[in-house]
Amino acid sequence: MNFKALTAIAALMVAAPALTFADPDNDTLTINGEEMVTKAPLPAHLEDSMLTEIMSGWHFRNDDTQAMQMDDFDNPGMLAVEDAAAAWDTVEGTAGKSCASCHENVEDSMKGVRAVYPKWNEKAGEVRTLAMQINNCRTENMGAEPYKYDSGPMAAMEALITVQSRGMPVDVAIDGPVADTWEKGKEIYYTRFGQLELSCASCHEQNYGNMIRADHLSQGQINGFPTYRLKNAKLNTVHGRFKGCVRDTRAETFSPGSPEFVALELYVASRGNGLSVEGPSVRN
Amino acid sequence: MADGAKPRVKAPKSASAGEVVTIKTLISHKMESGQRKNKDGSVIPRSIINRFTCEFNGTSVIDVKMEPAISTNPYFEFEAKIPESGDLKFTWYDDDGSVYEDVKTVQVG
């Protein structure tokens with residue numbers, strides 16, 4: 001190898017990090033051979049935002065982490081899905097029922113469910129997240145103890161239900177009876193919290209693709225939740241993640257399951273309308 | 001037997017003679033290091049998978065000694081040359097003396 005070649009390589013090594021770190025990549029996500037939509041045109045309500053397209057957080061992770069999500073055998077989140085599949089058939093509570101008693105086969109009955117949640121529940125007159133619906137089923141229909149909102153069993157059950165919709169586009173409604181909640185969620189998204197005075201938008205809309213210390217900021221999409229995080233080696237719920245984010249602004253956080261986080265989940269989910277449901281995804 | 005220990009293996013069902021195939025294995029196991037303490041301040045006893053082996057028709061393919069620093073749910077991916085039809089036998093050895101096994105048959109032809 002001559003001197004020129006060495007210089008060229010050295011120049012590349014200097015240039016490469018700048019290129020790879022500044023922007024999300026353009027790889028294609030396939031899970032078990034099925035292609036996912038990880039970049040999509042803006043939903044209508046985001047036309048005035050600073051975004052030009054919406055992007056899954058998968059693009060912001062490094063190749064090794066990305067690869068873990070591409071095959072279910074490599075995805076540690078699938079272990080939780082297996083646990084939840086066992087829980088699905090387990091009779092609990094005073095009514096002597098399991099999930100399967102009413103919903104039978106999870107592959108059929110839960111197909112497409114994740115993609116439209118959070119959604120309006122007519123009977124209860126409220127916006128319900130998937131977690132709220134699971135707990136409502138447990139307390140009202142099974143007579144069982146509710147899961148703690150952001151606990152392991154809850155994340156696992158959400159993952160089991162989510163995986164039945166994998167590859168389907170996120171499609172949450174933002175009008176009609178949910179409009180008020182959606183507006184509230186939007187307000188929270190753009191409100192600065194904490195001693196650092198950061199809103200969700202400060203990082204995930206205005207600075208996605210940039211580094212915040214050692215972290216590569218994504219758009220904060222939640223189409224991949226529940227998410228297996230390498231940092232804590234478990235499945236994480238949306239509200240658990242929100243809590244971590246708000247805490248990092250040095251604010252008192254809302255509680256998982258609070259009306260504020262439900263509203264925020266609805267709004268953030270709607271920012272990902274058009275992306276594939278990816279959960280359980282793998283992130284760092 | 002440690003709670004929830006369940007072995008999983010992904011290996012091809014067929015191969016051509018002499019083909020090098022990729023094998024993925026994972027065992028769900030909490031891999032308690034023996035360094036941590038519980039709320040009362042007493043040490044949580046060590047409970048890990050300390051050895052993993054793979055044999056093909058009795059010939060050793062891989063033999064791994066594991067130490068407490070290995071994370072939960074140990075995952076191994078390795079390659080093996082398949083000379084003939086036969087059985088891949090996987091064995092995990094637990095600290096508590098339990099042995100977990102799995103066998104995958106590979107057809108050549």
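Worth saying up front: this structure is predicted, and the values here are computed from it rather than measured. The basis for the numbers below is simple: all heavy atoms, side chains too, and nothing from hydrogens, waters or symmetry mates. Residue numbers start from 1 in every chain, and the chains themselves are labelled A, B, ... in the order their sequence lines are given, proteins ahead of strands.
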Trace of the salt bridge (Lys or Arg N to Asp or Glu O under 4.0 Å) decision for B:K89 with B:E101: CA-CA 7 Å; B:K89 187 178 169 212; B:E101 286 181 340; 3.8 Å; yes
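Taking the centre of each ring, B:F52 and B:F76 come in below the 6.0 Å mark.
Close approach to chain B, defined as a heavy atom under 4.5 Å from one of its heavy atoms, is seen in A:D71, A:F73, A:D74, A:L79, A:E82 of residues 59-95 of chain A, taken by number.
Heavy-atom contacts from other residues, nucleotides or ligands closer than 6.0 Å to NZ of A:K111 number 12 or fewer.
In this structure, a donor-acceptor pair under 3.5 Å is absent between the side chains of A:T162 and A:Y117. In this model, a donor atom of one side chain and an acceptor atom of the other lie less than 3.5 Å apart for B:S16 and B:E19.
Here A:R166 does not pair with A:E34 in a salt bridge; the nearest charged N to carboxylate O distance is not below 4.0 Å.
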